[in-house]
Number of protein chains: 2
Amino acid sequence: MIISVPHNDGVDGLAQLIRIDRSSPVPLYYQVAQRMQELIESAQLPPGSRLDNEIALADQLGLSRPTMRQAIGHLVDKGLLVRKRGVGTQVAQRRVSRQVELTSLYDDLDRARRRPRTEVLAFEVIPGPPAAIAALHLPTGSEVLHIERLRYAEDEPLAVLRNYLPAGLAEIDRQALAERGLYQVLRDSGIQMRIADQTIGARKASAAEARLLGEVRGAPLLTMSRTAYDPAGHAVEYGDHVYRASHYSFELTLLSR
Amino acid sequence: MIISVPHNDGVDGLAQLIRIDRSSPVPLYYQVAQRMQELIESAQLPPGSRLDNEIALADQLGLSRPTMRQAIGHLVDKGLLVRKRGVGTQVAQRRVSRQVELTSLYDDLDRARRRPRTEVLAFEVIPGPPAAIAALHLPTGSEVLHIERLRYAEDEPLAVLRNYLPAGLAEIDRQALAERGLYQVLRDSGIQMRIADQTIGARKASAAEARLLGEVRGAPLLTMSRTAYDPAGHAVEYGDHVYRASHYSFELTLLSR
DNA sequence: GTCGGCAGGTTGTCATGACATTCTGAGCAA
DNA sequence: TTGCTCAGAATGTCATGACAACCTGCCGAC
């Protein structure tokens, strides 16, 4: 009788599914990581399947072991792979839903094909309100660009977005804001965002908010205030947003360690 | 006249502030990373200060460059350091507030000295409700441990916590739950949690919830449902929590890329 | 039959060396 | 004075080699 090897869902020909272009400027480890992520997300590498050991994989792909390890480590950090010393490397059991990243609401809606639309309610340079000044770590009395927008999804009002940016940070066009998300506009201006602090809470809608959002007064709203920083740690944006709780919720993935 | 070197807040004797113990089982890169994190958090390495280059640092500490890079990379991932190719490595401008991790509310309150207290309302094995079954990816009809708790902070009711765990996952003592947080109890049982999916929303309080939490009916509540997975990707816990919006908000730090 | 030790396999850590890429600033030329 | 070029310096990438720590399963001893 033939005993089937337990848990052996191994993929022998992983190397055949990955092509490496050594003339590309894209780093080798990144090419491998990206390709492996595609394979995992397309279920060609199903959850639970075991990879060959690092040395064999590196050998098959014509890479060194550190490079292969770097690729695998990248995916382990993302939670797509699980490594166990003395055992091996497996594809993690579940598909990871995309992490809530430093994206704007607009990008999220756009990806979800929810037909985002934006109405710019205010767009002006003003002396910074104390809350914005404090969040952006600016000297008292500094001027800020104040933006207020009403965001729709599928022609239904969804959120009121108030944002404050240091005046003169970037060339921002009011028209661009009506067509794209703030974060996309910032990125197009060369502003990078690396870290953000968020606070998520809830409260009742004021009369004005209820009117804008098509809710009754006192309806529960989800609130999110966020300060975003560039790679050097300088604050570039402070936002104070309210969402219709009946139409919106935040989804996020936490990684431990 | 002496021209001061621009931006040179360099710390020469970094090596003198770091001691490595080669006989320790703790990896060298980790010893270095941990010590550097201490120095940054204690402002002995102030924000903006520049580190020596990797090769010099490695040399000063008697390490190889890859090891030194691994230590620095660790802190870059945490957002404590900023690396720029061709330029150097600097301490990031702002102090990073602690990331919302896979901690329970109890741990957070305990750390904040808010005197958490727990009242266990329900503790029973039941046939799994559909929502819990789906979240935990269990076969229909499976039994689950159902826990319902009322959490206080400083003798003020704060949240109603409903949790579901696969039956028989761990030895859980009702008494332990009254004294510690669920996550601490799970960790003590050897259950590890690596990834969690969370959804945060808001809604009005039901009559029962309002009574438990000392709010009026219709008061805004913050809701959080979470499914936590162990390193292998198996669901270990599903929680459905409601918080008094007037007393609680979520704070989290997002890192991009 | 059960327990414990041992061997083999796999990932974790660390060192050394080399070259590529990128940024900054000094110095030269217009 | 202004703009361009280039050298220096720093990080980014990759290769090779070696040993350590850990897990699993086999196999022998009791």
Side-chain angles (χ1 to χ4, degrees), chain A residues 3-8 10-11 14 20-34 49-77 81-92 190 192 231-232 257, chain B residues 3-8 10-11 14 20-34 49-77 81-92 190 192 231-232 257:
Chain A
I3 306 293
S4 66
V5 182
H7 298 100
N8 188 358
V11 177
L14 178 55
I20 300 183
D21 178 6
R22 289 194 94 96
S23 69
S24 160
V26 178
L28 301 182
Y29 80 91
Y30 196 79
Q31 291 184 39
V32 174
Q34 194 144 321
S49 61
R50 281 179 46 186
L51 270 56
D52 286 346
N53 71 62
E54 296 173 347
I55 299 176
L57 279 177
D59 212 41
Q60 293 166 26
L61 294 171
L63 299 171
S64 70
R65 191 182 158 214
T67 302
M68 195 61 222
R69 265 185 74 75
Q70 199 174 359
I72 293 176
H74 204 73
L75 297 180
V76 170
D77 284 343
L81 292 180
V82 179
R83 268 199 292 215
K84 276 188 202 152
R85 180 187 210 151
V87 180
T89 306
Q90 285 184 307
V91 178
Q192 295 182 54
R257 182 203 36 118
Chain B
I3 306 292
S4 65
V5 182
H7 298 98
N8 188 357
V11 177
L14 178 56
I20 14 188
D21 177 6
R22 292 194 93 95
S23 69
S24 161
V26 178
L28 300 182
Y29 80 91
Y30 195 79
Q31 291 183 39
V32 174
Q34 193 142 322
S49 60
R50 282 178 45 186
L51 271 53
D52 285 346
N53 70 64
E54 297 174 346
I55 298 177
L57 279 177
D59 212 41
Q60 291 166 26
L61 293 171
L63 299 171
S64 71
R65 188 181 161 215
T67 303
M68 195 63 222
R69 263 185 75 75
Q70 198 172 359
I72 293 176
H74 204 74
L75 297 179
V76 170
D77 284 343
L81 293 179
V82 179
R83 268 197 292 214
K84 275 188 202 152
R85 183 188 208 149
V87 180
T89 306
Q90 284 185 302
V91 178
Q192 295 180 56
R257 188 167 20 118

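In what follows, chains are A, B, ... by sequence order, proteins preceding strands, each numbered from 1.
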Rounded to the nearest angstrom, tell me the gap between atom [atom1] in [X] and atom [atom2] in [N].
| X | N | atom1 | atom2 | value |
| --- | --- | --- | --- | --- |
| A:Asn53 | D:dC23 | CG | P | 18 Å |
| B:Asp21 | C:dC14 | CG | P | 12 Å |
| A:Met68 | C:dT10 | CE | C1' | 14 Å |
| A:Arg22 | D:dC14 | CZ | C1' | 8 Å |
| A:Ile20 | D:dC14 | CD1 | C1' | 12 Å |
| A:Asp52 | C:dT11 | CG | C1' | 14 Å |
| A:Arg50 | D:dT24 | CZ | C1' | 10 Å |
| A:Ile55 | D:dA18 | CD1 | P | 12 Å |

Options [options], nucleotide nearest the side-chain atoms of [X]:
| X | options | result |
| --- | --- | --- |
| B:Leu28 | C:dA15, C:dT11, D:dA15 | C:dA15 |
| B:Arg69 | D:dT11, D:dC14, C:dT11 | D:dT11 |
| A:Val87 | D:dT24, D:dT13, C:dT24 | D:dT24 |
| B:Leu63 | D:dA20, D:dC14, C:dA15 | C:dA15 |
| B:Glu54 | C:dT11, D:dG12, D:dT24 | D:dG12 |
| B:Thr67 | C:dT16, C:dT22, C:dC14 | C:dC14 |

Between [X] and [Y], which heavy-atom pair has the shortest distance, and what is it?
| X | Y | value |
| --- | --- | --- |
| B:Val76 | B:Arg83 | CG2-NE, 3.9 Å |
| A:Leu81 | A:Val91 | CD2-CA, 3.8 Å |
| B:Asp21 | B:Leu28 | O-CD2, 4.3 Å |

Heavy-atom check, side chain of A:Asp59 versus side chain of A:Asp52, under 4.5 Å: no

Heavy-atom side-chain proximity of B:Leu57 to B:Arg69 below 4.5 angstrom: no

Nearest-0.5 Å distance, CD1 of residue B:Ile20 to CG of residue B:Leu63: 4.0 Å

Upstream residue (5' side of DNA chain D) when A:Gly62 and B:Gly86 are each assigned their closest nucleotide: B:Gly86

Short side-chain N/O contact to [N] OP1/OP2 from [X], under 4.0 Å:
| X | N | result |
| --- | --- | --- |
| A:Arg83 | C:dG12 | yes |
| A:Tyr29 | D:dC14 | no |
| B:Thr89 | D:dT11 | yes |
| A:Arg65 | D:dG17 | no |

Touch class at under 4.0 angstrom, heavy-atom based, for B:Pro66 against every strand present: base

Side chain B:Arg85 and base C:dT21 donor-acceptor under 3.5 Å: yes

